[in-house]
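These notes are about the structure you will find just below.
In listed order, ligands and their atoms are each counted from 1.
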Amino acid sequence: MKLHEYQSKELLAKYGVPVASGDVTSDASEVKAIADKLGGNVVVKAQVLMGGRGKAGGVKLFTSSDEAAAFAKDLIGKKLVSIQNPAGMVVEKVLVTETIDIAEEYYLSVLLDRGLQKNVVMISKEGGMEIEEVAEHNPDAIVKLVVDPSWGLSDFEIRAAVAKANIPKQAAGQMVQMIKKLVKVYEENDADMIEINPCALTPDGKLIAADAKVSIDENALYRHPNYEETSSDAADDPIEAEAVRRGIAYVNLGGEIGIMANGAGLTMQSLDEVNAAGGKPANFLDVGGGAKAERVKSCVELILMDKNVKGLLINIFGGITKVDEVAKGVLEAFSQMDVTIPVVARIEGTNVEEGRRILAGSQIIPAATVQEAAKTICELAYK
Ligand code: GDP
Ligand code: MN
């Protein structure tokens with residue numbers, strides 16, 4: 001889960017990483033006061049979870065707090081579009097920081113290298129621009145340092161890597177210290193990525209993180225309850241964000257056939273069968289084990305929030321989950337919504353007779369197998 005820049009910088013500052021002072025707000029009328037307090041030379045930065053904010057017009061330097069405030073007023077509520085995020089994201093908050101005088105821009109990151117199955121530190125003298133560009137045109141300018149999982153990093157290893165990256169002497173010692181702190185932040189907070197780009201060297205020789213992107217491993221979020229609220233607005237898709245709030249495993253896949261199944265395996269199979277029948281799945285949704293009617297209803301509502309959905313496939317194999325609970329939940333959802341799309345259900349397992357009895361006479365078309373269900377729903381939805 002990506003953290004916003006202001007959250008990332010707060011976290012880094014706690015570990016002693018130098019960052020510019022500033023404040024975040026969603027209220028444009030507060031920007032002038034914040035900028036005045038910082039002395040008027042400020043950068044206004046859109047807090048959206050996407051790369052390339054600078055090029056998208058979301059980062060701007062000011063020498064007057066009035067101009068900074070006017071820019072922020074315009075920026076909040078605006079949708080920013082970048083190469084990394086063509087769908088765009090709406091700006092809800094802005095970070096106002098003291099402007100750093102930048103003489104040189106470097107790149108620093110700590111991330112998980114899945115191939116090596118180890119964490120690595122990446123260092124480059126070519127900061128400021130996208131690291132992918134550097135990797136393509138000047139790969140030798142990126143120095144990679146592998147973190148030994150048992151021993152960690154020794155100072156001499158970090159010093160050698162910083163030297164190999166041709167970081168000038170006046171910045172090298174500070175960079176070694178910064179890398180040690182970043183690795184500590186990374187490990188202690190279950191991060192899977194920290195990126196400082198640019199890592200700025202000021203004309204008077206101070207190294208400061210001018211931007212910060214921290215991402216926390218979602219599987220470890222339960223250990224960091226302070227970030228739980230962010231996890232719902234971190235989702236790019238509004239239905240996925242709602243799914244996080246409801247605690248439902250949902251992924252929007254962009255097709256037309258809504259899918260509600262239980263268990264990741266059966267859900268994947270349902271997606272495959274819809275594809276095989278010539279349809280495009282709208283979503284992945286796993287109702288979860290032992291779901292009660294209330295949760296099933298919540299799942300149906302979620303799937304139908306997607307206005308591209310033209311048909312709904314229900315594929316439930318009752319184990320811990322009881323089929324009659326699923327049937328009740330579906331009908332409850334339908335009784336409160338005006339569902340005009342076709343719905344086909346293949347249900348089997350625990351309490352299936354009771355489940356069939358509940359669904360009999362409803363608008364839901366029964367199917368004996370998932371193949372039949374997929375074929376029927378595609379025929380009805382795409383006709
Ligand atoms: P990104 O485009 O989303 O990576 O946002 P950044 O925070 O990296 O800002 C984009 C660019 O704005 C940076 O590469 C810098 O060149 C410039 N920038 C950001 N903050 C400052 C600052 O405090 N001082 C100066 N001089 N430039 C800045
Ligand atoms: Mn950046």
Spatial distance of atom SG (Cys199) from atom CD (Glu104) [nearest 0.5 Å]: 11.0 Å
Note the single closest protein heavy atom to atom 16 (O) of ligand 1, along with its residue, its atom name and the distance in Å. Glu105 OE2, 2.8 Å
Return the closest protein heavy atom for atom 23 (O) of ligand 1 as residue, atom name and distance. Ile100 N, 2.9 Å
Ser29 side chain to Asp27 side chain, donor-acceptor N/O pair below 3.5 angstrom: yes
Is atom 11 (C) of ligand 1 less than 4.0 angstrom from at least one protein heavy atom? no
At the 4.0 Å heavy-atom cut-off, does Met129 count as touching ligand 1? no
Per-atom contacts, ligand 1 versus Thr99 - under 4.0 Å to a heavy atom: 23 (O), 24 (N)
of all protein heavy atoms, closest to atom 5 (O) of ligand 1 is Arg53 NH2, 3.2 Å
Salt-bridge present (Lys383, Glu379; N to O < 4.0 Å): no
So, the side chain of Asn262 versus the backbone of Phe317: is there a donor-acceptor pair under 3.5 Å, distance only? yes
With a 4.0 Å cut-off, strictly under, does atom 25 (C) of ligand 1 pick up any protein heavy atom? yes
Any chain of hydrophobic side-chain contacts (each under 4.5 Å) joining Val96 to Phe62? yes
Is Met50 close to ligand 1, meaning an N/O of one under 3.5 Å from an N/O of the other? no
Please write down residue, atom name and distance for the protein heavy atom closest to atom 18 (N) of ligand 1. Leu61 CD1, 4.3 Å
Quick check: does Asn197 get an N/O under 3.5 Å from an N/O on ligand 1? yes
Point-to-point distance, once rounded to the nearest 0.5 Å, from CD1 of Ile179 to CD of Glu157: 11.5 Å
Counting only heavy atoms, which portion of Lys60 has something under 4.0 Å from ligand 1: side chain, backbone, both, or neither? neither
Should the heavy atoms of other residues, nucleotides or ligands under 6.0 Å from CD1 of Ile320 be counted, would the total exceed 12? no
To the nearest 10 degrees, could you say what angle the Mn ion (ligand 2) makes with OD2 of Asp211 and O of Asn197? 100°
Could you list which atoms of ligand 1 come closer than 4.0 Å to a heavy atom of Pro198? 8 (O), 13 (C), 14 (O)
Looking only at protein heavy atoms, which one is nearest to atom 4 (O) of ligand 1, and what is the separation? Asp211 OD2, 3.1 Å
What protein heavy atom sits nearest atom 2 (O) of ligand 1, and how far off is it? Gly54 N, 2.8 Å
Near Ile102, which atoms of ligand 1 are under 4.0 Å from a heavy atom of that residue? 24 (N), 25 (C), 26 (N), 27 (N), 28 (C)
Considering only the protein, which heavy-atom contact is closest to atom 21 (C) of ligand 1, and what is its distance? Val43 CG2, 4.0 Å
Salt bridge flag under 4.0 Å for residues Glu348 and Arg356: yes
Check: Asn283 side chain, Val251 main-chain N or O, donor-acceptor pair, under 3.5 Å: no
Below 4.0 Å, non-hydrogen atoms only: which portion of Val59 touches ligand 1? Side chain, backbone, both or neither. side chain
Lys375 and Glu372 ion-paired at < 4.0 Å: no
Below 3.5 Å, N or O to N or O, backbone or side chain included: is there any such pair between Lys55 and ligand 1? no
Quick check on Lys93: does its NZ atom have over 12 non-hydrogen neighbours (other residues, nucleotides or ligands) under 6.0 Å away? no
Looking only at distances, please establish whether an N/O atom of ligand 1 is found under 3.5 Å from an N/O atom of Lys45. yes
Could you walk me through whether Lys280 and Tyr382 pass side chain to side chain contact (heavy atoms under 4.5 Å, CB included), step by step? CA-CA 10 Å; Lys280 287 216 174 68; Tyr382 294 107; 3.9 Å; yes
